[in-house]
Amino acid sequence: MPELPEVETTRRSLEPPLVGHRVVSAIVRDRRLRWPVPDHLEHTLTGAAIVALRRRAKYLLIDTDRGTLLVHLGMSGSLTVVPGTRAPVKHDHVDIVLDSGETLRFHDPRRFGSMHWLATHEASHPLLAELAPEPFDDVFDGAYLHRVTRGRSAAVKQVIMNGTLVTGVGNIYASEALHRAAINPRTRAGRLSRARCDRLAVAIRETLGRAIELGGSSLRDYVDGHGNAGEFQSESAVYGREGLACNRCGETIRLIRQGARATYYCAGCQR
DNA sequence: AGCTCACCCTGCGAGC
DNA sequence: TGCTCGCAGGGTGAGC
């Protein structure tokens, strides 16, 4: 489900109801996420004051006065603030009860999401240490993209998606950004000219930026912290539009498979 | 090093 | 209101 725009949308919507509030209790109904939820989480969180919400790649970091809760939403996870009286439903794995009377609820049917605890004295975490630059970082531009793709023989779509050169670009926005940049997703990354890398870097930033403005994409089940769906999917240029006409050149949008993931593109204007 | 693939898990829609 | 299959926006780790 969530790529960078969805995680950022979640972060923004959760900031007001969370920051400045204290945790009254934490309830873990199912510890079996991608990695087991730490045994001490309920004890550690109880009484903690939430001081900030940050995002790094597709991770959400909930900073408290005694450490940081590192949350990944995986494919199907969502974090929403609900009234404390609302009964949990299936796959509501974790509740963080706040002194406001509301509850931060983690819901994740596929359990590909995760929760880690970072004690205050820990500067980082192995999961965060090796992450590539954020697409909105100053260092991420065409020159950077050109430099780090030299010698890479894999398809550009798989390279921008795999998280080692740039973070936060998942399957939807990889297809969308490549269409915006008019680059064929099967092009070997190492063959991209500097000019095309410039276009791609800009396209990635514009695509993700626009998606954040629209509250993310809700293809199946994504919702923000208030339970609201995103609107980007209605502006999608290629994703989910196979067989339809390209809005730039009129050719038919195609669906192919790259590394077991769906890729949508227009063979007319993406070269 | 980099590339490809299998795998983790549940739900849903398509097809029978 | 049946069954089976394939697919879904994530990432990791093994093998080449």
Side-chain angles (χ1 to χ4, degrees), chain A residues 1-10 29-37 55-60 70-79 89-94 106-116 125-132 147-178 185-191 204 207-208 211-212 214-224 229-243 255-264:
Chain A
M1 154 200 316
E3 303 184 34
L4 186 152
E6 289 73 35
V7 179
E8 178 62 21
T9 301
T10 297
R29 297 188 191 80
D30 194 340
R31 314 197 89 85
R32 299 172 304 159
L33 301 184
R34 188 173 213 315
W35 293 283
V37 175
R55 180 190 59 74
R56 177 71 175 97
K58 297 172 190 168
Y59 288 99
L60 190 69
L70 180 63
V71 182
H72 198 292
L73 300 178
M75 288 276 263
S76 60
S78 61
L79 275 173
V89 299
K90 195 174 182 183
H91 306 308
D92 282 347
H93 304 310
V94 180
F106 179 77
H107 176 89
D108 186 8
R110 290 172 75 178
R111 290 191 278 114
F112 285 176
S114 65
M115 284 193 187
H116 288 86
H125 187 278
L127 290 170
L128 303 175
E130 305 292 323
L131 289 176
R147 178 164 50 81
V148 298
T149 51
R150 292 313 87 186
R152 304 292 294 254
S153 61
V156 59
K157 193 256 191 174
Q158 291 173 277
V159 166
I160 61 173
M161 253 189 76
N162 78 6
T164 60
L165 305 185
V166 59
T167 62
V169 182
N171 204 39
I172 298 179
Y173 300 115
S175 283
E176 290 297 310
L178 285 163
R186 287 190 281 209
T187 306
R188 290 169 181 266
R191 305 286 303 262
I204 288 172
T207 302
L208 296 175
I212 292 170
L214 291 175
S217 296
S218 294
L219 296 183
R220 337 176 56 121
D221 50 10
Y222 170 73
V223 291
D224 70 9
E231 301 293 337
F232 182 86
Q233 68 280 4
S234 65
E235 277 196 13
S236 159
V238 288
Y239 195 91
R241 298 192 69 243
E242 76 274 20
L255 168 59
I256 60 172
R257 280 219 170 254
Q258 291 184 288
R261 307 302 291 273
T263 298
Y264 298 84

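Bear in mind the structure is a predicted one, so any value in this text is a computation, not a measurement. Naming convention: chains lettered A, B, ... in sequence-line order (proteins, then strands); numbering from 1 in each chain.
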Sugar-phosphate, base or nothing in reach of Leu127(A), heavy atoms under 4.0 Å: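 Sugar-phosphate: the residue Leu127(A), judged by heavy atoms under 4.0 Å, touches backbone atoms but no base.
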
Touch class at under 4.0 angstrom, heavy-atom based, for Tyr239(A) against every strand present: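 Sugar-phosphate: the residue Tyr239(A), judged by heavy atoms under 4.0 Å, touches backbone atoms but no base.
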
Watson-Crick or G-U pairs under 3.5 Å in DNA chain B, rendered as dot-bracket with [ ] for crossing pairs and | for another strand: .|||||||.|||||||

Side-chain N or O of Arg111(A) closer than 4.0 Å to phosphate OP1/OP2 of dT10(B):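 Looking at the OP1 and OP2 atoms of dT10(B), one of them is under 4.0 Å from a side-chain N or O of Arg111(A).
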
Can you name the atoms? Protein N/O to nucleotides 1-4 of chain B N/O, anything below 3.5 Å, with the distance.
unit_1 : atom_1 : unit_2    : atom_2 : d
dC3(B) : OP1    : Arg152(A) : NE     : 3.4
dC3(B) : OP1    : Ser153(A) : N      : 2.8
dC3(B) : OP1    : Ala154(A) : N      : 3.2
dC3(B) : OP2    : Arg152(A) : NE     : 2.9
dC3(B) : OP2    : Arg152(A) : NH2    : 2.7

From dG11(B), dT12(C), dA8(C), nucleotide with atom closest to Trp35(A) side chain: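 Of dG11(B), dT12(C), dA8(C), dT12(C) is nearest to the side chain of Trp35(A).
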
Nearest-neighbour nucleotide for the Lys58(A) side chain, dG10(C), dG11(B), dA8(C) considered: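 In terms of side-chain proximity for Lys58(A), the closest of dG10(C), dG11(B), dA8(C) is dG10(C).
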
hbond_proxy Arg110(A) side chain to dC9(B) base (donor-acceptor, 3.5 Å cutoff):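 Between dC9(B) and Arg110(A), which were checked side chain against base, a qualifying N/O pair under 3.5 Å is present.
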
Polar pair under 3.5 Å, donor/acceptor by atom type, side chain Arg261(A), base dA8(C):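 Counting by modelled atom types and ignoring angles, no donor-acceptor contact under 3.5 Å is found here.
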
Distance-only polar pair, side chains of Glu176(A) and Ser236(A), donor-acceptor under 3.5 Å: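 Yes, a side-chain donor-acceptor pair sits under 3.5 Å.
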
Side chain to side chain contact (heavy atoms under 4.5 Å, CB included) partners for Arg111(A), two or more places apart: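 Side chain to side chain contact (heavy atoms under 4.5 Å, CB included) list for Arg111(A), sorted by chain: Asp30(A), Arg32(A), Leu33(A), His93(A).
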
5' priority, DNA chain B, between Arg34(A) and Lys90(A) [closest heavy atom]: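 Looking at DNA chain B, the more 5' nearest nucleotide goes with Arg34(A).
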
